[in-house]
Each structure stands twice: as C-alpha cells, then as structure tokens.
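Notes to accompany the following structure.
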Amino acid sequence: MALMDFIKKQFIDIIQWTEEGDGTLAWRFPMAGMEIQNGGTLVVRESQMAIFVNEGQVADVFGPGTYKLTTQTLPVLTYLKNWDKLFESPFKSDVYFFSTRQQIDQKWGTPQPITIRDKDFGAVRLRAFGNYAFRIADPKAFHTEISGTRESYPVADLEGQLRGLVLQNISNAIAGSGLPFLDLAANQVMFAEAMVKELTPIFAKLGILIESLTVQNVSLPEELQKILDQKIGMGMVGNDMAKFMQYQTAQAIPKFAEASGGGGGIAGDAMGLGAGVALGQVLAQNLQQGLQTPVAPAAAAAAQAAVAPVGVKPEEVMATLEKLGELKSKGILTQEEFDAKKAELLKKLV
C-alpha cells in the first residue's frame, strides 16, 4: 500500500511563475499532493524573487536566475530539516513568488485640508495630491508582515494602507525638512523629496521600497489664500507697516469716497474709516515735519493750535479697533503693532 501511495504522488521538476497579468504582488506555488525532487529546477524570472518556507519559517531566498535544488542551493532549508549531508528526496516545502516590478501611478491625496506647523505662518491648512510608485524590495519582510500564507496578494489590498501612511506623514515630512510652506508650494520637487525621505524607513518595515513620489498640486483653502495674498503684499513693501498702510489707504480711498457719497458715513464702513485714519496719520506726519522748521512765536502758537488733536467719536474708534483686531487675528498685524495702534486711537477719544 505504501508503494502505491508513493507511485500516486506527483513529483515537481520545475518550479516557476509566469505572471498572467498586472496587479499581483505575491503568489504561492500550488503544492497540494506534490513534492519536490532532488535536483529539481527553480526558475525565478527578472522582476521576481522567490522564498522557500518550511513549516511557517522562511528559509532560503532566491533572486532572478535558474537554480538546481540541492543541499548547496538550499542551505537554510537543509539546516531546518536536519538533512545534514543526506538530501531527503522528495520533500515538501511552500514556495512563494514575489513580483519586484514597480507598481506605478498609485494615487494619494488629502480628502480634507490638513493642519501643519509653519515657521512663517504658525499654522497652515493645506490640500495636496499626487502619485507614487513602489516595489517589493524585501520578500521575507513582505511575506512576514503583509502577504502571509495567502494564495495570492494583489496590489489593491495594499493601496489603502500605503495611501494612509502617505497622508499620515505629510506633516512630519514638512517639519523634518525645515522648509517654510511658501518654499514647498513653489518647489513641488523639494516637497516630494521631503516626503520620500520621511516615508522610506516606514515602507521598509513592510519590505517595500518607495521608488518615486510626485506632488502634482499644493493649495490652501480660499480664506487662507486671501491672507497669504495680503502677506505677500507686505513682503513686497519690505514688511514696512507704514508703507503697507499707505498701500491699503490707496486701495480703500475709492470705496471710502463711494460710501461717503452714498450717505453711509464714516462709521458705516470700517474699511473707509481705516483709510481715513491712515490718511490722517500721513497728514499729521507731514504737519509735524513742517512744524520742525523754526518760525516766529506767534506763528508757532497758531500752528500749534491748528494741529491740536481733533476728537474722534467712540464708535469710530471701536470700529477701527475691530478692523485692526481682525488683521491681528489673521497674522497681518503683530501684537506689538496692534497695541501701538490701540494706544494711539484711545488718545484721540473725545
């Protein structure tokens, strides 16, 4: 009876994997009712790797090539099976193949804006998306951590996990790069390099190598984009607050005049009020410079009376303070600049 069982067994001469399509990362060679003969052939094609697993323990790992299966080519399996110098033939072992081709055009993106720390703006909420490519670099780690004993493991089963790792580490990548948001947004290649540097050791734990990553777009929510535009405007005048206020005054004067002509009044338009206050400051500075020129005592007394502080209505001061407070909360004004303007306005109260 034992002889008949031996005859009925099928012996494997060639072990190989011919991929029938894309999208498969790992594939187990079918061993049901079959055993491997001494001197059998293992064929591992380019863009593939193979491992032998003995009773759940990874033994020998093979790269591309053709191998004759002997104790010399299976040293780890020989040790695990205690063959010593005698190769037991036939024998059973699980054989897994892994595709090491690049898996390209894997999408990633932020479904919602994510908050990152930035040395220029403090905190920024941004959106970004792109794609990346990866390959299996360590089949032993991939088998242990991901694919296990499954008959096959497709790319689709891994996409969600890898995409989550990309999104989870965007903030860390930006912080680790030490680059401000504006530099990253202007140089998407630099942003991508920072991402790859952060993700490489994380992917390696899964036996995966990230080959490339692209950042196709980086954007801010609309309300933050408006603040950024104002910040850029300040940068264009060298962060000189006086010049920026002059610029804002020039932009607001048409609206101020329109509101005044329509009967809205100064208090009815905070922007117009801010322009009026800023314009008054400019005029006051010019008057002060003129007063520095020596004049006769009588003329000096007249000039001093002419430039005596004019009272401002409380509601106008409050409207201006609210406008300045809004600029401070958006990061356009610093706390020191706000406090200085506040003290100056409070002195003008009637």
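In this chain, residues are counted from 1 in sequence order.
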**Study point:** Whether over 12 other heavy atoms sit under 6.0 Å from E151 CD
**Key:** no
Point to revise | D22 atom CG, neighbour heavy-atom count above 12 within 6.0 Å | key: no
With side chains defined as the heavy atoms from C-beta onward, is the minimum distance between [X] and [Y] less than 4.5 Å?
{"X": "F129", "Y": "T214", "value": "no"}
{"X": "Y132", "Y": "K107", "value": "no"}
{"X": "D157", "Y": "R150", "value": "yes"}
{"X": "W108", "Y": "V215", "value": "yes"}
{"X": "I15", "Y": "T41", "value": "no"}

For [X] against [Y], the heavy-atom pair lying closest together:
{"X": "T115", "Y": "S171", "answer": "O-OG, 3.6 Å"}
{"X": "D60", "Y": "P75", "answer": "OD1-CD, 3.2 Å"}
{"X": "E145", "Y": "K205", "answer": "CG-O, 3.6 Å"}
{"X": "Y96", "Y": "T149", "answer": "OH-CA, 3.4 Å"}
{"X": "A133", "Y": "Q102", "answer": "CB-OE1, 3.6 Å"}
{"X": "H143", "Y": "F98", "answer": "CB-CZ, 3.7 Å"}

Exercise for review: May I ask you to decide if A128's main-chain N or O and T110's side chain share a donor-acceptor pair within less than 3.5 Å?
Suggested key: yes
Between side-chain atoms of residues 184-204 and protein atoms elsewhere (two or more places apart, or another chain), which donor-acceptor pairs fall under 3.5 Å?
| residue | atom | partner | partner atom | Å |
| --- | --- | --- | --- | --- |
| N187 | OD1 | V189 | N | 3.3 |
| N187 | OD1 | M190 | N | 3.1 |
| T200 | OG1 | V196 | O | 2.7 |

Practice item. Test salt bridge (Lys or Arg N to Asp or Glu O under 4.0 Å) on R101 and E19 and set out the steps. Key: CA-CA 11 Å; R101 290 186 297 155; E19 302 177 52; 3.2 Å; yes
Practice item. Verify the ring-centre separation between F62 and F52: is it less than 6.0 angstrom? Key: yes
Practice item. May I ask you to decide if the ring planes of W27 and F97 are parallel, tilted or perpendicular, using 30° and 60° as cut-offs? Key: tilted
